[in-house]
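Let me begin by presenting the structure, written as structure tokens, before commenting on it.
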Number of protein chains: 2
Amino acid sequence: MDDKIQAQTEEELSLRLFIVLTRALNAIKKSVEEEIKSLGLNPTEFAVLEMIYSKGEQPIQKIGEKVLIASSSMTYVVDKLEKKKLIQRKACPEDRRITYATITQAGTDLLDAVFPEHKLALKEICAGLTTEEKKVMIKQLKKLGQYAQNV
Amino acid sequence: MDDKIQAQTEEELSLRLFIVLTRALNAIKKSVEEEIKSLGLNPTEFAVLEMIYSKGEQPIQKIGEKVLIASSSMTYVVDKLEKKKLIQRKACPEDRRITYATITQAGTDLLDAVFPEHKLALKEICAGLTTEEKKVMIKQLKKLGQYAQNV
DNA sequence: TATTGTTATACTCTATAACTATA
DNA sequence: TATAGTTATAGAGTATAACAATA
């Protein structure tokens, strides 16, 4: 009870965490979104593209689960990325209900070109924390996110 | 170099942090938004209402800065909350360009009634972390957010 | 001239529901 | 019957630009 934070209940702490989390992400996003926008992409498109870029081809629905949007919205996003020649649909031979989204050469080239800058910008933005602090936070955020998704 | 995380560069760590942050918040939001929706509010409206609830009346623009939306969008949000009788516009006598948003009795009553549940739900969602971990994370997120906003 | 807030407008994203095809 | 994805549709939220009132 001798300091402000210790006096808070678990509920208040969680609320505080949620608010602070929202603010922090909003602040980061504001900067990053301008950068992404300059590529002609929106945050969702970038998230999808980046996922395929780093994880390889994925069933469209699997992507939707990660990005947390409805399947019809995934169709919309994939359409847009396909029109921009950054990804391609590819049938799954084993299960013909499934369609993979796979990155094109142009998509790979784009991210190869942009990723270093993107990461550099993020480094600048996140420079408020030390390396150690980032590592701890990543670990904890993963725990938090995974738990939250299963509530 | 003896573990996966240690091998990452500062850039990659920051990228990872951003991704994990996004996922964690999305997961939490998904749960919270349903709850908020059941009040007939959207996340932005709730954020605005909550800010006035806890911080007292605020110039409309100040709110917009916190929530990070354009001033015309603030007009839209304030209109909606005012139609729902949860907040009220109030002129500023000293500077007649300024309009305060102030919470009504109905707004206060609503949040008084809902806040305990809201916090409880958040507690459940955030139960993946211990009290100590939450406190640390709040502190770090604040640092991160404040720094990011000034980049 | 700069700032606060509003109006008018257009557009992007997302969700819902109904559907097709495959399993 | 259940799952993956699409189509059609509608609506919500946000931004941009031009503006009015005030400082």
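All chains are named by letter (A, B, ...) in the order of the sequence lines, taking the proteins before the strands, and each is independently numbered beginning at 1.
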Please report, rounded to the nearest Å, how far the P atom of D:dA4 is from the OH atom of A:Tyr100. 12 Å
Can you spot which of A:Lys123, A:Glu35, A:Glu50 makes a side-chain hydrogen bond (donor to acceptor under 3.5 Å, both in side chains) with A:His118? A:Glu35
Going by number, which of residues 86-95 of chain B have a non-hydrogen atom under 4.0 Å from DNA chain C? B:Arg89
Heavy-atom contacts under 4.0 Å between residues 59-66 of chain B and DNA chain C, which residues? B:Ile60, B:Gln61
Output the single nucleotide from C:dA2, C:dT12, C:dG5 whose closest atom is nearest the side chain of A:Tyr76. C:dT12
Given atom CE of B:Met74 and atom P of C:dT3, what is their separation to the nearest angstrom? 19 Å
Taking all non-hydrogen atoms of both residues into account, name the closest pair between A:Gly145 and B:Ala27 and its distance. O-CB, 3.8 Å
Results of side chain to side chain contact (heavy atoms under 4.5 Å, CB included) for B:Lys84 - residues two or more places apart only: B:Leu41, B:Glu45, B:Lys80, B:Leu86
If you take all heavy atoms of B:Tyr100 and B:Pro59, which pair is closest and at what distance? CD2-N, 3.5 Å
To the closest 0.5 Å, what do you measure between CG (A:Leu13) and CZ (A:Phe18)? 15.0 Å
For a quick test of reading the model: is some side-chain N or O of B:Lys80 closer than 4.0 Å to OP1 or OP2 of D:dG13? yes
How many Å lie between NZ on A:Lys83 and C1' on D:dT6, as a whole number? 13 Å
Steps toward side-chain contact (heavy atoms from CB on, under 4.5 Å) verdict (B:Tyr53, B:Asp112): CA-CA 9 Å; B:Tyr53 177 69; B:Asp112 280 347; 2.5 Å; yes
Starting at CD1 of B:Ile98 and ending at P of C:dT4, how long is that distance when rounded to a whole Å? 7 Å
Between A:Leu68 and B:Asp79, the residue closer to the 5' end of DNA chain C by nearest nucleotide is B:Asp79
Within residues 41-51 of chain B, those residues having any heavy atom closer than 4.0 Å to DNA chain C are none
Taking 4.0 angstrom as the limit, do B:Lys143 and A:Glu133 come out as a salt bridge? yes
Where is the tightest heavy-atom contact between A:Ala106 and A:Lys85, given as atom of each residue plus distance? CB-O, 3.6 Å
Without decimals, in angstroms, what is the distance between A:Arg97 CZ and C:dT22 C1'? 6 Å
Measure across A:Ile36 and A:Pro43 and return the closest heavy-atom pair with its distance rounded to 0.1 Å. CG2-N, 4.4 Å
Return the nearest nucleotide to the side chain of A:Thr75; candidates are D:dT7, C:dT14, D:dA4. D:dT7
Please list, pair by pair, any protein nitrogen or oxygen found under 3.5 Å from a nitrogen or oxygen in nucleotides 16-20 of chain D.
| from | atom 1 | to | atom 2 | distance (Å) |
| --- | --- | --- | --- | --- |
| D:dT16 | O4 | B:Ser72 | OG | 2.5 |

Whole-Å distance, A:Gln58 CD to D:dA4 C1', equals 15 Å
Closest non-hydrogen atoms of B:Asn26 and A:Val67, given as atom of the first, atom of the second and distance, are ND2-O, 4.4 Å
Run the side chain to side chain contact (heavy atoms under 4.5 Å, CB included) test against A:Arg89 and tell me which residues pass, sequence neighbours left out. A:Ile60, A:Thr75, A:Val78, A:Asp79, A:Glu82, A:Thr99
Would you say B:Arg96 reaches D:dT22's phosphate, i.e. side-chain N/O to OP1/OP2 under 4.0 Å? yes
Step through the shown structure and confirm whether more than 12 heavy atoms of other residues, nucleotides or ligands are within 6.0 Å of NZ on B:Lys29. no
Do we see a donor-acceptor contact under 3.5 Å between the side chains of A:Ser71 and A:Gln61? no
Where do B:Lys134 and B:Leu129 come nearest, in terms of heavy atoms and distance? CE-O, 3.6 Å
